Amino acid sequence: MTVAPPAARRDGAGRPVPPGSWLGWVSSTDHKRIGLLTVGTSLVLLLVFGVFALLMRTQLARPDETFLAAQAYDQLFTLHGSGMIYMVMTPFALGMGVYLVPLQIGAPGIALPRLTLLGYWLYALGALTMLAGFAAPAGAHAGGWFSYPPLADSAYSPGAGTDLWIAGVFVAVTGTILMGWAVLWTVLRRRTRGMTMLRLPVFCWAMIATCLMVIGAFPALLAALTLLAVGRADASVFLHNTWNIGYQHIFWFYGHPVVYVMFFPYLAAVAEVLAVFSGRRFFGYRGTALSLLVFAALSMSVWGHHMFATGQVANDYYSLTSIALLVPAGVEYFGMLGTLLGGRLRATTPMLFALAFLPQFLIGGLTGIMVGTPVIDYHVTDSYFVVAHLHYVLFAGSAFGLFAAVYFWFPKVTGTRLDDRMGRWHFWLLVIGTNLTFLPMFALGYLGMPRRVSTYAPFDGFGALNLLATIGAGFLAAGMAVFVVNVLATLRRCSLGRARPAGDDPWQAHTLEWATTSPPPRLNFPADRPLPPVTSFAPLLDLRRRERSGA
Amino acid sequence: MRQRHVFGTVFTLESAVAGLVFLVVLGLLTWVVVERRTQEASDRTERPRVEAFYVAALAAFAVFLVAWTAWQNSREPRTAVVRPLRVDVTGFQWCWTFAYPQSPAHRQVTGDCHGRSLPTLVVPAGRPVQLRLTSRDVIHSLWVPALRYKMDAFPRHVNTFTLTLDHEGRWRGRCAEFCGQRHYAMDFWIKAVPPERYDRWAHGAAAAV
Amino acid sequence: MRRHLSAAVVAGWGLLNGLLLAVLAVYGESAMVYWLWGSVVLVLQLVALAVLLSSRSGPDQHVRYRVPDRGAGAVLPTAIGLLLVALCFVYGRWLLVVAVPLLAVAAVMLARGTTARER
């Protein structure tokens, strides 16, 4: 591999900076730095929006609670939902792609690095803008993460908070589209010698499917936000039902694929972790790659299942496509379970998170089929049943994949492992907390508790289950505290030089990022060390096998 | 209460299947975690025949589920076509109005949903009632949890559905679509009374129903 | 085919979208949806075309790479400038007084190739 050095070193424009300086961070074209900035920003925001959730759970712990006023509660649930979806789970997923994809395909950098950097800054500034709504006189936006008009128009939601929300989300999503485009182009057009499409790691296939959805569906959100902005300037727009229902169509055309953007990268991280700690090649590779693409295409066709109760969409079609999703989802479970069934398991911290992902996400998926059935959806939509379902998908599923990824790739990124004992505490607190918080919500929704209510009456009979959910949230908070301490303490040990080096490949992993140093050098692979030949989608596994049979 | 029966059938079946699938996967996982700690890892990367049969089975189940639930959904009771009683329901920030255009006294019920002053949607038990649903401002959603049914109320658009309450009683209804600050309080009662009592009420009898 | 598999993946995915759209047409849906999804299918085919053109003009797998970083210093001012343009919607057009000069500075930095030289 020959790499032309960055141009600036030749033509000399600009000032030289040491790698650690702040200028080196804010204007770096190193995909690893951009990826880290993205992932780090979204982790910080995860904590912020997580605190919002704790405040809401406190308010809901008892009937007729007055801890939060309705107005404050509405702002918190809006920013919790918008924040977690637009500013945490989506950017983290793409940030993982920005960091890992070039390494996994053996490239020294990402395609379009400056555009990727612009994407990060737009995302970060957009997130700040959205949060700045709290400083507006009437407070932040309070219309929910999907902000249906006419409620979100200037007559019913006056105030700068809503405007800031629109501007912030617009800018941030523009940023994520740029990142998605860069990752897609990298994986399609920057592969190293021997890395054919059918030797791409599962994670890279998942990023292809993810980025195709980003390019296909995310512009629809920009269109929906533009429509909302136009409607706020001219309130007569939303006097027409065409635009009210039209907004819902355009919004959900984005709003369903984004769920899979927030799912595939984490699923694929889990797949990599399962294969590595089962000590074997991923089972059913081709079926899984194909099913990811089919899954992604189907996901573009199911948006109307969010609108079953509007009485204005072709319910039968969306039910058909939603239920059809069980086929590609089943194929992915086939691959992951097949990998485990023929494996020799090592119970490391990332593996624990990956193992818990399987049954927990399954609850989200199976209830997804239920809410995809109109007859059931008429009862449970807009109730706590849906809240439970989406949190099983995004928290019990995706967030567990996220933590598996953090524990798995942390030694590659920093050169040292996270503390294992604290990792196990984090894991068990999170498992208990997740199920204690979200399982009761299924029952609450079934019994008739609507979502987005800031309080409920004692005679509704929701008190006991809500209290249980709030106790669960306490476990989640404790688990996250352990995680934060673990990360900060490990990073501090790193910076003091007291950390135990993890080595290049601490887990006996399969993919090319483990063939370089930890952390990788600026151009990813040391010039003095040839890349191992890419003989399959698990080149390092092949290399070890050849060495063993040669020895 | 057709909606409730259809929901019950479909929900029971899907929950049972979902529960079974969950238990099978959980069982497999438990077995794997207990058993596959010491054996050598297998080298097999694919089982195309097993996978093909598995996909076919999944697809067949999906087809069954789509067809069966669509059929359940469209099963209309034949008697519902006889001239239903019409009620015009209007949601507004933050309460409901129920108007009875066919009642001789042009009955109309409304309230402000503060404290215990919830409006009551009065219907005769056993007779089909057609609700014509709209909104005066933002989108609301009429939900009667006990009926297992809800439908959205859009401004400048009318959604219609028919229901029959086959026995007397009183149930809580709610707004399910977030509609602003007092969304949590936008409740109402739906009350099924004997038809003759309903008729007296519709004719303007002062007696509370 | 194998050589252009990357373009085929994108094109095939777009066509799968088109197929699902065709099925939706059987069920019937509002006209806006056809425009929305139809234009997405079109965009995806354009992306596939771009990938195809790129893979026809270069190798499928690479041994030589360029790692461009010229003008990376312009990125942050550009991002702030774009944010200010977006904020015009909230606070009014006067923000352009700040945004336009900032974007001009960014353009100059880009033209001069200003960047932080790492190492």
Side-chain angles (χ1 to χ4, degrees), chain A residues 70-71 74 144 148 150-151 156 239-241 244-245 278-281 283-287 309-312 316 319-320 323-324 326-327 330-331 333-334 337 340-345 355 358-359 362-363 366-367 369-370 373-376 378-379 381-383 447-448 450 452-456, chain B residues 3 6-7 10-11 14-15 18 21-22 25-26 28-29 32-33 36-47 51 54-55 58-59 61-62 65-66 69-70 72-73 137-139 141 143 145-146 148-152 154-157 159 172 174-184:
Chain A
Q71 206 179 2
D74 296 346
Y148 286 163
L151 180 64
Y156 297 103
L239 292 181
H240 305 283
N241 181 56
N244 286 335
I245 192 74
S278 298
R280 56 163 297 167
R281 208 174 292 272
F283 177 79
Y285 167 79
R286 283 190 297 180
T310 61
Q312 302 174 59
D316 285 342
S319 173
L320 166 82
I323 291 175
L326 73 85
V327 178
V331 172
Y333 265 76
F334 185 80
L337 287 172
L340 286 172
L341 281 174
R344 179 182 184 155
L345 270 54
L355 285 172
L358 291 173
L362 191 61
I363 296 180
L366 293 169
T367 52
I369 293 171
M370 290 185 176
T373 311
V375 194
I376 295 180
Y378 295 145
H379 176 49
T381 186
D382 280 322
S383 79
L447 292 175
R452 298 173 168 180
V453 288
S454 53
T455 187
Y456 50 92
Chain B
Q3 284 89 356
V6 173
F7 173 89
V10 177
F11 189 81
E14 288 199 12
S15 308
V21 171
F22 181 75
V25 170
L26 197 65
L28 267 176
L29 272 176
V32 158
V33 169
R36 300 291 312 191
R37 303 289 275 275
T38 48
Q39 273 111 321
E40 269 311 297
S42 142
D43 229 10
R44 187 138 192 178
T45 55
E46 260 174 335
R47 281 176 179 271
E51 193 158 4
Y54 173 71
V55 169
L58 282 178
F61 178 68
L65 205 57
V66 169
T69 55
Q72 287 284 338
N73 193 25
D137 36 49
V138 302
I139 302 169
S141 186
W143 182 25
R148 312 280 188 254
Y149 197 76
K150 74 166 67 67
M151 188 167 255
D152 292 353
F154 277 70
R156 290 175 192 78
H157 176 85
N159 271 332
R172 181 57 79 94
R174 301 181 181 284
C175 176
E177 186 71 63
F178 180 69
C179 56
Q181 262 187 53
R182 286 187 55 79
H183 162 62
Y184 67 92

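Residue numbers begin at 1 in each chain, while the letters A, B, ... track the order of the sequences. Not measured: the values here are computed from a predicted model.
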Undergrad: My understanding is that only residues two or more places apart in sequence, or in another chain, count here; which of them pass salt bridge (Lys or Arg N to Asp or Glu O under 4.0 Å) with A/Arg344?
TA: B/Glu40
Undergrad: Relative to chain B, which of A/Gly330, A/Pro374, A/Ser383 shows the most heavy atom pairs under 4.5 Å?
TA: A/Gly330
Undergrad: Measuring heavy-atom distances to chain B, does A/Ile369 have an atom under 4.5 Å in its side chain, in its backbone, in both, or in neither?
TA: both
Undergrad: So do the side chains of B/Tyr184 and A/Arg452 get within less than 4.5 Å of each other, counting heavy atoms only?
TA: no
Undergrad: Side-chain contact test, heavy atoms from C-beta onward, threshold under 4.5 Å: evaluate it for A/Leu326 versus B/Phe61 and give yes or no.
TA: yes
Undergrad: With only heavy atoms counted, which part of A/Leu362 is less than 4.5 Å from chain B, the side chain, the backbone, both or neither?
TA: side chain
Undergrad: Please classify the contact between B/Tyr54 and chain A as side chain, backbone, both or neither, with a heavy-atom cut-off of under 4.5 Å.
TA: side chain
Undergrad: Side chain, backbone, both or neither: which part of A/Phe283 has a heavy atom under 4.5 Å from chain B?
TA: both
Undergrad: Please classify the contact between B/Phe11 and chain A as side chain, backbone, both or neither, with a heavy-atom cut-off of under 4.5 Å.
TA: both
Undergrad: Just wondering, are more than 12 heavy atoms of other shown residues or ligands nearer than 6.0 Å to CZ in B/Arg182?
TA: yes
Undergrad: Name all residues meeting the side chain to side chain donor-acceptor pair (under 3.5 Å) criterion together with B/Arg172; count only those two or more places apart in sequence or in a different chain, and write none if there are none.
TA: B/Asp187
Undergrad: Is chain A contacted by the side chain of B/Arg174, its backbone, both, or neither, given a heavy-atom distance below 4.5 Å?
TA: side chain
Undergrad: Looking at A/Asp316, A/Leu355, A/Thr367, A/Thr455, which has the largest count of heavy-atom pairs under 4.5 Å with chain B?
TA: A/Thr455
